[in-house]
Amino acid sequence: MKVTQQTALKNRNSLSLPARCQRLIEIENRSDFNDLPALIKANEPVHILGGGSNTVLTQSHLPHTVITQTPPETAEQGITLEGELVLVDAGAPWPEMVHWAVNHGLGGIENLAAIPGSCGAAPIQNIGAYGVELKDVLEWVEIFDWRLGRFFTVNNAQCQFGYRNSYFKRHPEKPWIITRLAMRLRSDSPLRLHYSGVRETLIHLGHQPETASYAQVAQAITTLRAQKLPNPAILPNAGSFFKNPVISDAHYAALKHNFPALPHWPQEHGGHKISAAWLIQRLGLQNIRVGDAGFYRKHALIVVNYGQASGADVLALARYVITRVQKATDITLEVEPVCLPETI
Ligand code: EPU
């Protein structure tokens, strides 16, 4: 375990926002968890940081103790098989987990290829892409409770997953750190190719959609993502900045008058999910900048740091866009990443 004070986090968040935390605890192996109860005082603000790819550091100083887990040297070292389940350490990078699975002929998460971040962060926002969500394969999550000094398992139902949401995301006050995930990955898992662009990309890459391997689907998804989303190593960003809002049927019917081309997806239990990116573009908000915080030229849902943006710049941009969208549509956009310490 490594403990440092006033630690810079600029290189630990994919938006490259400058911030320092009061104290950083880096967990290096499983036995380190047992030292946490003695280290953390009651009422001390604590934040768990994974890969930092879904986090917005809104101020330059965080009063928190930040806990992070050092990734295993290779993904393989963090992965174990237990019967039909694949177990992975929370610190392992998610893209490497997917790579390992598809190269071992195991399906279920190939559509979630190339999503940046750690495995431990994946259940918090129930990562999802191209018609698949983590909840579809997740069996249980192991957590360590640093008040009780014990490991627990939380099953899929207890995680209370929703669209980009979970019990963990709704309850950041819990003294818990996710330590491992167990997923049911199968060699006979059906391919899910219905999302726009997936089949076309497979064909473009020279693969047969119906008989494609999991590795080929992962390759197609990686290609699609690279076309749409900026690489954080080149243009710092945190993926989709807003959730796609779900509105009532009546609200959608009213909006359709003013915005007939608005992309929408009817939901299983009523209501419509609509495209936040489309609205931002249509309302002419895509070119707005606050300092160096602005939207990605090729995708209006991605806030990027064009240089020296601060957390305050990102907050101001987000608040302005939320107000404008609210006035024009009566929809309150919700920010997708975790904002810390100030929420929007
Ligand atoms: N669109 C626009 N303008 C844009 C971008 C998109 O009008 O600038 C329209 C597209 O034409 C399309 C619709 O919006 O009709 C959906 O676009 P896209 O397929 O790019 O997906 P998205 O809604 O922007 C969501 C997820 C992504 C995920 C993709 C693919 C959320 C908040 N985002 O984005 O997840 O990769 O679908 O499944 O649900 C993330 O969570 O960080 C993330 C990147």
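As the structure lists them, so they are numbered: ligands from 1, and atoms in each ligand from 1.
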Practice item. Would you indicate whether the side-chain heavy atoms of Leu283 and Phe259 approach each other to under 4.5 Å? Key: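 A side-chain contact exists here, since the closest heavy-atom pair is under 4.5 Å.
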Practice item. Out of Gly239, Ser240, Pro245, indicate the one that has the non-hydrogen atom closest to atom 44 (C) of ligand 1. Key: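 Shortest heavy-atom distance from atom 44 (C) of ligand 1: Ser240.
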Review point. Between the candidates Arg164, Lys298, Lys273, which shows the shortest non-hydrogen contact distance to atom 35 (O) of ligand 1?
Key: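 Comparing heavy atoms across Arg164, Lys298, Lys273, the nearest one to atom 35 (O) of ligand 1 lies in Arg164.
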Pair up each side-chain donor or acceptor in residues 83-93 with any protein partner under 3.5 Å, not counting sequence neighbours, and list the distances.
unit_1: Glu84; atom_1: OE1; unit_2: Arg184; atom_2: NH1; d: 2.8

Check your understanding: So which heavy atom in the protein is nearest atom 29 (C) of ligand 1, and how far is it from that ligand atom?
Key ->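 Here the closest protein heavy atom is Tyr195 OH, 4.0 Å.
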N/O to N/O below 3.5 Å, does that happen between [X] and ligand 1?
| X | value |
| --- | --- |
| Ala300 | yes |
| Lys243 | no |
| Gln125 | no |

Check your understanding: Side chain, backbone, both or neither: which part of Gln286 has a heavy atom under 4.0 Å from ligand 1?
Key ->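 No part of Gln286 comes within reach of ligand 1.
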Exercise for review: Mind checking whether Phe242 contacts ligand 1 via backbone (N, CA, C, O), side chain (CB onward), both or neither, at a 4.0 Å heavy-atom cut-off?
Suggested key: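 It is the backbone that touches ligand 1; the side chain stays farther off.
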Point to revise | Protein contact for atom 12 (C) of ligand 1 (heavy atom, distance under 4.0 Å) | key: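 Under the 4.0 Å cut-off, atom 12 (C) of ligand 1 has no protein heavy-atom neighbours at all.
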With a 3.5 Å cut-off and sequence neighbours excluded, list the donor-acceptor pairs that the side chains of residues 297-306 form with protein atoms.
unit_1: His299; atom_1: ND1; unit_2: Leu301; atom_2: N; d: 3.2
unit_1: Asn305; atom_1: OD1; unit_2: Gly307; atom_2: N; d: 2.9
unit_1: Asn305; atom_1: OD1; unit_2: Ala309; atom_2: N; d: 3.0
unit_1: Asn305; atom_1: ND2; unit_2: Leu15; atom_2: O; d: 2.9
unit_1: Asn305; atom_1: ND2; unit_2: Ser16; atom_2: O; d: 3.4
unit_1: Tyr306; atom_1: OH; unit_2: Phe295; atom_2: O; d: 2.6

